[in-house]
Visitor: 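Below are the C-alpha cells for one structure; questions will follow.
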Amino acid sequence: MAQDLRSFLDLLKRTRPADVQIISRPVDPAYEITAVVAKLEKEGRRRPVLLFENVKGAAFPVLTNLHASRGRLAAAINAAPDQMLPTYLRAMERPVAPRVMVTGPVKEVVRRGGDVDLRGLPQIVHHEGDAGPYVTAAISFAKDPAAGTWNCAYNRLMIQGRDRSSIHLTLGKHLWEFYKIAEARGEPLPVAFAIGVHPAIALGALAIGSIDEDERAIMGALLGEPLELVKCESSDLLVPAHAELVLEGEILPEARVAEGPFGEFTGYSLGERQREIVRYTAITHRRDAMFQDITVAHLDHMLLSTIPMEANLYRAVRAMVPSIKAVRVPGPFTCYVSIEQRLVGQAKNAIMAVFGADLYMKRVVVVDHDVDVFDDRQVNWALATRCQPDRDITIVTNARGSDLDPSTREDGYTAKWGVDATAKPSLAAYTPRHRVPPEVWQRLRLEDYLG
C-alpha cells in the first residue's frame with residue numbers, strides 16, 4: 001500500500017470524485033477554513049476533503065476534513081466500514097515493526113537554524129476566541145529517555161514565535177510521562193511532529209494501550225506493510241519518510257508559557273493555561289508540500305479519534321466480559337457498551353473495565369445485546385425501562401480524567417459514573433418485549449400494501 005497522503009487523495013479522486021473539492025479562491029486562514037467545513041457539515045450535510053490552494057500569507061496549500069467520513073477511513077485501512085473495529089483490533093494484536101530508510105520524500109527541503117520559521121506555515125485560527133494560530137494535525141514522535149520506548153500521539157501546538165510553540169501534553173498520558181522523566185533530569189525531550197500523513201498512520205497514532213506498545217507498528221499493520229521511517233536532521237528520532245512535512249524540536253525543561261483559550265472537541269473554548277514549550281531546530285518537507293489541518297470539534301476530528309478509542313475499549317471490556325457485542329463512543333467522555341450478560345454483575349465489570357482502559361471516559365452505559373448502541377433511541381429506551389437510579393448507577397469520585405473537561409473543579413480531577421441499563425435479574429427472566437410475530441415480519445412486503 002502507498003504510504004503517502006497524496007496517493008490516498010489520488011485514490012479518492014478515482015473512486016470517490018465527489019469526496020475531493022479543490023478551492024482556488026483566496027481564503028483567510030483566520031476562521032474561514034473552519035467556517036467552510038462547519039457550514040458544509042451543518043447546512044449541506046456534506047463532508048468532502050477540502051484543498052485550499054490559495055491561503056493568504058502561506059506558502060503551502062491547506063488540506064482539511066480528510067477524516068470526516070467513515071467510508072474514507074475504512075478505505076484507508078482496506079476494510080469495509082462495518083469491519084473497521086475488527087480490522088483495527090487485528091492491527092493492535094498483530095503489529096508490524098517499522099523499517100528505517102536512508103531518505104524519503106519528506107527530506108526534499110531541509111531548513112535548519114535561522115531558516116526555521118513557524119510563521120511561514122499557514123496561520124490557522126479555528127474559532128472565535130482562540131488565542132492565536134494552532135497546528136492541529138501534528139503527530140508527535142518521541143522516545144522514553146530512560147527505556148527507549150516509542151510513543152506517537154496527536155498534540156495541539158500554538159505558534160508562539162519564529163521557533164517556539166506551546167504544546168498541550170495530556171496529564172498522565174505517555175508523552176507527558178516521557179517529558180517528566182527528561183525534565184527530572186534537567187534535560188529537554190527531543191520530539192518531532194509529522195504533518196500530512198496517510199490516514200492509516202493517523203489512525204495508528206491514536207491507538208490506546210500500554211506504554212510499551214509501539215504505535216508505529218500498529219500503523220504498519222493498518223498499512224499492511226512496515227511503516228517507512230527516516231532519521232531526523234537534528235536528533236536521532238525517526239519519522240515517516242512519506243509525510244508532507246516534519247517539525248523537529250525539543251520540549252524544554254522547567255519552561256512554561258500561556259496557552260489558550262482554544263476551542264476543543266468538547267464544544268467549549270477552554271481558557272488560558274500554562275503549557276510546556278517546544279523549541280524547533282529543523283523543518284523538512286516535500287518540495288510541493290501540503291499543510292494538513294484538522295477541523296477541531298467537527299467530524300474530521302471526532303471520527304478519527306473515535307475508531308481507535310472504540311477498539312481499545314472493546315479489547316479492554318472483552319478481557320473482563322467475553323460476551324461483549326459492541327462498543328460505541330457517541331460523544332465526549334462517553335461510552336456505550338452492549339453485552340450478553342451471562343452472570344449477574346458483568347455489567348458493572350464492563351463499567352470498571354472502561355474506566356480503567358481510557359483516562360478520558362467519564363460516563364458509561366451498559367445495555368443488553370438486544371439493544372443497538374448505535375441507535376440513541378434504543379439506548380435511551382433501555383435507560384428508561386431497565387434501570388433504577390438508586391440501584392444501577394455507580395459513581396467513582398476523585399479520579400483522573402481529561403484536563404479538557406470544563407466541568408471539573410481542578411484540571412483533570414473528576415468524578416465518573418456508570419449506568420447498568422441491563423435487564424434484571426437477566427434478559428431471559430425480564431418482562432418480554434412486544435413484537436410482531438417473526439413469521440409475519442418475514443413474509444410482509446411493504447410494496448404489496450403501499451404500492
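From a predicted model like this one, the values you see are computed outputs, not experimental measurements.
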Visitor: If you look only at pairs with a residue in residues 89-100, which of them pass as a side-chain hydrogen bond (donor to acceptor under 3.5 Å, both in side chains), with sequence neighbours excluded?
Guide: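 Sorted result for residues 89-100: Thr87-Arg90, Glu93-Arg318, Arg99-Glu228.
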Visitor: Can you pull the ring pair (Phe, Tyr, Trp, His ring centres under 6.0 Å) pairs that have at least one residue in residues 204-248, sequence neighbours excluded?
Guide: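 Counting only pairs at least two positions apart or across chains, no ring pair (Phe, Tyr, Trp, His ring centres under 6.0 Å) contact touches residues 204-248.
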Visitor: Side chains of residues 417-424: which donor-acceptor partners sit under 3.5 Å, not counting sequence neighbours?
Guide:
unit_1: Asp420; atom_1: OD1; unit_2: Thr422; atom_2: N; d: 3.0
unit_1: Asp420; atom_1: OD1; unit_2: Thr422; atom_2: OG1; d: 2.4
unit_1: Asp420; atom_1: OD1; unit_2: Lys424; atom_2: NZ; d: 3.3
unit_1: Thr422; atom_1: OG1; unit_2: Gln341; atom_2: NE2; d: 3.0
unit_1: Lys424; atom_1: NZ; unit_2: Arg386; atom_2: O; d: 3.1
unit_1: Lys424; atom_1: NZ; unit_2: Asp392; atom_2: OD2; d: 3.3
unit_1: Lys424; atom_1: NZ; unit_2: Asp420; atom_2: O; d: 2.8
unit_1: Lys424; atom_1: NZ; unit_2: Thr422; atom_2: O; d: 2.5

Visitor: Is the OH atom of Tyr268 crowded by more than 12 outside heavy atoms at less than 6.0 Å?
Guide: no
Visitor: Taking only residues two or more places apart in sequence or in another chain, which ones pass salt bridge (charged side-chain N to carboxylate O under 4.0 Å, His left out) with Arg279?
Guide: Glu250
Visitor: Minimum heavy-atom separation for Pro240 to Val106, with atom names?
Guide: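 Taking every non-hydrogen atom into account, O-CG1, 3.8 Å.
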Visitor: Please identify each residue that fulfils side chain to side chain donor-acceptor pair (under 3.5 Å) with Thr281, with sequence neighbours left out.
Guide: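 Partners of Thr281 by the side chain to side chain donor-acceptor pair (under 3.5 Å) criterion, ordered by chain and then number, come out as Ser234.
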Visitor: For a quick test of reading the model, state the closest non-hydrogen atom pair linking Glu213 to Gly209 and the distance between them.
Guide: OE1-CA, 2.9 Å
Visitor: Under 3.5 Å, sequence neighbours excluded: what are the donor-acceptor pairs made by side chains of residues 343-359?
Guide:
unit_1: Gln346; atom_1: OE1; unit_2: Arg342; atom_2: N; d: 2.8
unit_1: Gln346; atom_1: OE1; unit_2: Leu343; atom_2: N; d: 3.1
unit_1: Asp358; atom_1: OD1; unit_2: Tyr360; atom_2: N; d: 2.8

Visitor: Under the salt bridge (charged side-chain N to carboxylate O under 4.0 Å, His left out) rule, what pairs show up with a residue in residues 147-156, not counting sequence neighbours?
Guide: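 Counting only pairs at least two positions apart or across chains, the salt bridge (charged side-chain N to carboxylate O under 4.0 Å, His left out) contacts touching residues 147-156 are Arg156-Glu259, Arg156-Glu264.
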Visitor: May I ask you to check whether over 12 heavy atoms, not counting those of Arg391, lie within 6.0 Å of atom CZ?
Guide: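 Yes, CZ of Arg391 has more than 12 neighbouring heavy atoms, counting only those of other groups under 6.0 Å.
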Visitor: Taking only residues two or more places apart in sequence, or in another chain, which ones meet Ser407 in a side chain to side chain donor-acceptor pair (under 3.5 Å)?
Guide: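 Result, side chain to side chain donor-acceptor pair (under 3.5 Å) vs Ser407: Lys362, Asp405.
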Visitor: Just one of Ile307, Asn312, Thr306 clears the side chain to side chain contact (heavy atoms under 4.5 Å, CB included) bar with Val329, so which one?
Guide: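 Considering Ile307, Asn312, Thr306, a side chain to side chain contact (heavy atoms under 4.5 Å, CB included) with Val329 is found only for Thr306.
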Visitor: Among all residues two or more places apart in sequence or in another chain, which pass the side chain to side chain donor-acceptor pair (under 3.5 Å) test with Asp4?
Guide: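 Result, side chain to side chain donor-acceptor pair (under 3.5 Å) vs Asp4: Ser7.
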Visitor: Under the side chain to side chain donor-acceptor pair (under 3.5 Å) test, which residues partner His126, sequence neighbours left out?
Guide: Asp293
Visitor: For Phe193, check ring-ring contact (aromatic ring centres under 6.0 Å, His included) against everything at least two apart and list the hits.
Guide: none
Visitor: Applying ring pair (Phe, Tyr, Trp, His ring centres under 6.0 Å), which residue pairs with at least one partner in residues 61-85 are found, sequence neighbours left out?
Guide: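 For residues 61-85: none.
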